[in-house]
K.L.:
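Right, I'll just put the structure down here and ask away after.
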Amino acid sequence: GGETPTLNQLAAQALLQETAALEKRNFLAEYDGVLVDCGSYLSLRAEPDTSADRLRIIFDGKAAQLLDVTDDGEWYKITYGTDTGYVLAEYCQPVHYADYEGTAATNTLLEDVISQAYTYLGTPYRYGGTSYSGIDCSGFTMYVFAQVGIKLPHGATSQLSYGTEVSRSDLQPGDLVFFQDYGYTASHVGIYIGGGQFIHAST
């Protein structure tokens with residue numbers, strides 16, 4: 001008599017697992033993409049864990065290819081640009097990837113610039129420098145943009161006259177931000193990363 005509930009419980013568990021597996025299969029058959037919907041940006045992690053290495057950031061409104069869902073449904077395994085990793089499902093909407101393919105939503109240029117910029121964190125400042133052994137502010141922006149095929153001159157003043165001016169309220173991540181000090185036209189330059197923050201090579 002004592003075994004019957006256990007068998008029932010096992011059968012119920014097996015049925016739940018089968019149902020979950022079927023739901024996951026159906027979900028992945030229906031959706032092959034995700035749209036990031038988080039208000040700012042989302043971290044793509046190497047493993048389905050918030051403390052895992054961050055591979056890159058993905059901005060709001062970007063679409064990635066959906067590969068899998070973790071069994072608990074909390075993480076999506078996705079490919080974005082050249083990286084494959086995990087994002088928190090609660091900050092994404094499942095979509096059909098073809099609806100976004102070839103549009104700005106799948107263009108990774110912006111994140112590539114910022115990912116490249118992050119690789120310099122901790123690099124010492126060196127006036128005139130353009131490498132990981134030492135870099136100055138405009139050497140930093142010049143090198144980061146060169147990695148994505150955008151040529152900028154060396155020198156903050158030269159870079160200032162290169163692009164199109166936007167007001168502070170229209171700043172977008174990836175824009176260059178300039179500072180004026182010591183009587184120079186532009187004494188310093190950095191890259192805006194959103195949320196009122198910028199990344200730069202500082203003394």
K.L.:
So, Y97 side chain and E101 main chain: donor-acceptor pair closer than 3.5 Å or not?
P.N.:
no

K.L.:
Once side chain to side chain contact (heavy atoms under 4.5 Å, CB included) is applied, do any residues pair with D53, and if so which ones, sequence neighbours excluded?
P.N.:
A46

K.L.:
So, do D175 and P173 sit near enough that their side-chain heavy atoms are less than 4.5 Å apart?
P.N.:
no

K.L.:
L42 and C38: which non-hydrogen atoms are nearest, and at how many Å?
P.N.:
N-SG, 4.1 Å

K.L.:
Through direct or indirect side-chain contacts below 4.5 angstrom among Ile, Leu, Val, Met, Phe, Trp and Tyr, which residues connect to Y100?
P.N.:
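Its cluster partners, ordered by chain and number, are L35, V95.
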
K.L.:
Which heavy-atom pair separates Y162 from K151 by the least distance, and what is that distance?
P.N.:
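Closest approach of Y162 to K151: OH-O, 2.8 Å.
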
K.L.:
Residues two or more places apart in sequence or in another chain: which of them pass salt bridge (charged side-chain N to carboxylate O under 4.0 Å, His left out) with D37?
P.N.:
none

K.L.:
For T141 and Q159, does a side-chain donor sit closer than 3.5 Å to a side-chain acceptor?
P.N.:
yes

K.L.:
Got a sec, which pairs hit salt bridge (Lys or Arg N to Asp or Glu O under 4.0 Å) with one end in residues 106-123, sequence neighbours left out?
P.N.:
R56-D112

K.L.:
Answer with yes or no after comparing the ring centroid distance for Y76 and Y91 against a 6.0 Å cut-off, counting only values under it.
P.N.:
no

K.L.:
For A104, check side chain to side chain contact (heavy atoms under 4.5 Å, CB included) against everything at least two apart and list the hits.
P.N.:
none

K.L.:
Check for a donor-acceptor pair, side chain of K24 on one end and backbone N or O of V69 on the other, with a separation under 3.5 Å.
P.N.:
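Here the side-chain-to-backbone pair exists.
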
K.L.:
Between I114 and I57, is there a side-chain heavy-atom distance shorter than 4.5 Å?
P.N.:
yes

K.L.:
Just say parallel, tilted or perpendicular for the rings of Y120 and Y132, cut-offs at 30° and 60°.
P.N.:
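Because their plane-to-plane angle is under 30°, the rings of Y120 and Y132 count as parallel.
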
K.L.:
Among all residues two or more places apart in sequence or in another chain, which pass the ring pair (Phe, Tyr, Trp, His ring centres under 6.0 Å) test with Y31?
P.N.:
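Ring pair (Phe, Tyr, Trp, His ring centres under 6.0 Å) check on Y31 returns F27, H96.
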
K.L.:
Any luck finding a side-chain donor-acceptor pair between Q147 and Y143 under 3.5 Å?
P.N.:
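There is such a pair (donor and acceptor under 3.5 Å, judged by atom type) between the side chains of Q147 and Y143.
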
K.L.:
Regarding T157 and T185, do their side chains bring together a donor and an acceptor under 3.5 Å, going by distance alone?
P.N.:
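No.
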
K.L.:
So do I199 and Y118 actually touch side chain to side chain, heavy atoms under 4.5 Å?
P.N.:
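They are in side-chain contact.
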
K.L.:
To the nearest 0.5 angstrom, please state how far the CG atom of L44 sits from the CZ atom of R54.
P.N.:
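Reported value, rounded in 0.5 Å steps: 10.5 Å.
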
K.L.:
What pair of heavy atoms forms the shortest contact from T130 to G139, and how long is it?
P.N.:
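Answer, listing the atom of T130 first, then G139: CG2-CA, 4.1 Å.
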
